[in-house]
Amino acid sequence: MQFLYLIISLLIVISDQTLKSFIAGNYKLGESHQVLPHIFSFTYVQNEGAAWNILPGQMGLFYLISLIAIIVCLYYLFIKKFHSKLFSTGVALVLGGIIGNLIDRIHLKYVIDMIQVDFIQFNIFNIADSAITVGIILVFIYLLFFDESEKNNA
């Protein structure tokens with residue numbers, strides 16, 4: 001069953017890297033095109049920091065944090081403590097997102113971001129960022145609402 005979750009992670013990495021490659025190959029830095037008018041656009045930016053470009057240029061720190069996070073995700077995917085599809089899917093999404101952004105950091109020394117939400121003021125992000133966010137939300141939902149009830153039913 002863990003193989004399925006590794007496939008989910010791999011699909012996140014492939015889709016993230018494919019879109020990043022498309023954007024880098026077809027857009028100039030700062031160039032923007034509407035995808036769905038007034039909903040979202042693709043805008044090519046390079047992020048040298050973490051989320052919201054905090055701590056720019058701290059690649060060594062990001063490598064270390066990414067490595068630790070990858071190890072933690074793999075640990076939780078392969079231990080038998082959590083049998084929840086919700087929890088494991090969340091961890092798989094986080095793992096794929098971390099690897100997607102780490103590839104950029106190793107290869108480019110920055111992360112390519114491109115998804116811009118047009119109807120609210122929000123930072124530009126990428127598929128990996130989205131996967132990490134959704135994955136963390138799924139893990140929190142599991143821990144807040146299902147973990148104790150599963151223990152009580154066991």
Side-chain angles (χ1 to χ4, degrees), residues 1-33 35-36 39-117 122-147:
M1 190 65 164
Q2 286 84 1
F3 182 72
L4 172 66
Y5 299 113
L6 293 177
I7 295 294
I8 291 170
S9 296
L10 181 62
L11 290 173
I12 293 297
V13 172
I14 290 169
S15 61
D16 177 67
Q17 289 297 305
T18 300
L19 182 56
K20 287 174 177 176
S21 178
F22 171 79
I23 294 296
N26 293 287
Y27 285 60
K28 294 178 183 166
L29 189 60
E31 186 176 351
S32 183
H33 295 278
V35 177
L36 292 173
I39 306 285
F40 84 96
S41 303
F42 284 150
T43 302
Y44 177 27
V45 297
Q46 298 172 349
N47 182 348
E48 296 179 359
W52 300 288
N53 207 21
I54 60 172
L55 301 172
Q58 299 296 316
M59 285 301 142
L61 176 63
F62 300 141
Y63 297 150
L64 178 63
I65 290 170
S66 296
L67 180 62
I68 291 168
I70 288 168
I71 291 168
V72 169
C73 287
L74 290 171
Y75 172 79
Y76 278 109
L77 279 179
F78 287 98
I79 66 166
K80 300 296 181 195
K81 180 179 179 183
F82 297 105
H83 299 284
S84 168
K85 291 177 184 176
L86 181 67
F87 180 85
S88 295
T89 301
V91 172
L93 290 171
V94 171
L95 178 62
I98 291 167
I99 293 170
N101 281 339
L102 181 60
I103 290 169
D104 281 14
R105 287 192 171 102
I106 290 170
H107 176 67
L108 303 170
K109 305 296 186 240
Y110 57 83
V111 173
I112 295 173
D113 289 333
M114 79 293 294
I115 301 170
Q116 180 172 348
V117 180
F122 195 75
N123 290 305
I124 299 170
F125 56 96
N126 59 44
I127 291 172
D129 298 336
S130 299
I132 292 168
T133 301
V134 170
I136 289 172
I137 290 168
L138 293 178
V139 167
F140 276 133
I141 288 170
Y142 171 77
L143 293 174
L144 289 172
F145 300 108
F146 297 103
D147 184 38

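We're numbering straight along the sequence, starting at 1. These numbers come from a predicted model, not from an experiment.
Checking each of Ile12, Ile14, Ile8 against Leu10 for a side chain to side chain contact (heavy atoms under 4.5 Å, CB included) leaves exactly one that passes, namely Ile14.
For residues 10-32, every residue pair satisfying the ring-ring contact (aromatic ring centres under 6.0 Å, His included) rule, not counting sequence neighbours, is listed here: Tyr27-His33.
Checking side-chain atoms of Gln17 against main-chain N and O of Gly100 turns up a donor-acceptor pair under 3.5 Å. Judged by distance alone, the side chain of Asn101 and the main-chain N or O of Ala128 form no donor-acceptor pair under 3.5 Å.
Leu36 meets the side-chain contact (heavy atoms from CB on, under 4.5 Å) test with Ile39, Phe40; sequence neighbours excluded. Partners of Ser21 under the side-chain contact (heavy atoms from CB on, under 4.5 Å) rule, at least two apart in sequence or in another chain, do not exist in this structure. For Ile7, the side-chain contact (heavy atoms from CB on, under 4.5 Å) criterion is met by Phe3, Leu11, not counting sequence neighbours.
Counting non-hydrogen atoms of other residues, nucleotides and ligands closer than 6.0 Å to OH of Tyr75 gives a total of 12 or fewer.
Residues Phe62 and Glu48 share a closest heavy-atom pair of CE1-O, 3.9 Å. The shortest non-hydrogen separation linking Gln2 to Phe78 is CB-CE2, 3.4 Å.
In this structure, Leu6 and Leu74 have side chains that are in contact, with non-hydrogen atoms separated by less than 4.5 Å. A 4.5 Å side-chain heavy-atom check between Val111 and Lys20 finds at least one atom pair inside the cut-off. Between Asn47 and Phe125 the shortest side-chain heavy-atom distance does not fall below 4.5 Å. Counting heavy atoms from C-beta on, the side chains of Tyr44 and Met114 never come closer than 4.5 Å. Between Cys73 and Ile98, the closest side-chain pair of non-hydrogen atoms falls below 4.5 Å.
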Contacts under 3.5 angstrom, residues 85-96 side chains, donor-acceptor by atom type, not counting sequence neighbours:
{"unit_1": "Ser88", "atom_1": "OG", "unit_2": "Ser84", "atom_2": "O", "d": "3.2"}
{"unit_1": "Thr89", "atom_1": "OG1", "unit_2": "Lys85", "atom_2": "O", "d": "2.7"}

Listing, residues 130-137 side-chain donor-acceptor contacts under 3.5 Å, not counting sequence neighbours, or none:
{"unit_1": "Ser130", "atom_1": "OG", "unit_2": "Asn126", "atom_2": "O", "d": "3.2"}
{"unit_1": "Thr133", "atom_1": "OG1", "unit_2": "Asp129", "atom_2": "O", "d": "2.9"}

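Atom OG1 of residue Thr43 and atom CD of residue Glu31 lie 9.0 Å apart, to the nearest 0.5 angstrom. In this structure, CD1 in Ile65 is found 11.5 Å from CG in Leu102, a value given to the nearest 0.5 Å. A distance of 12.0 Å separates CD1 of Ile112 from CD1 of Ile127, quoted to the nearest 0.5 Å.
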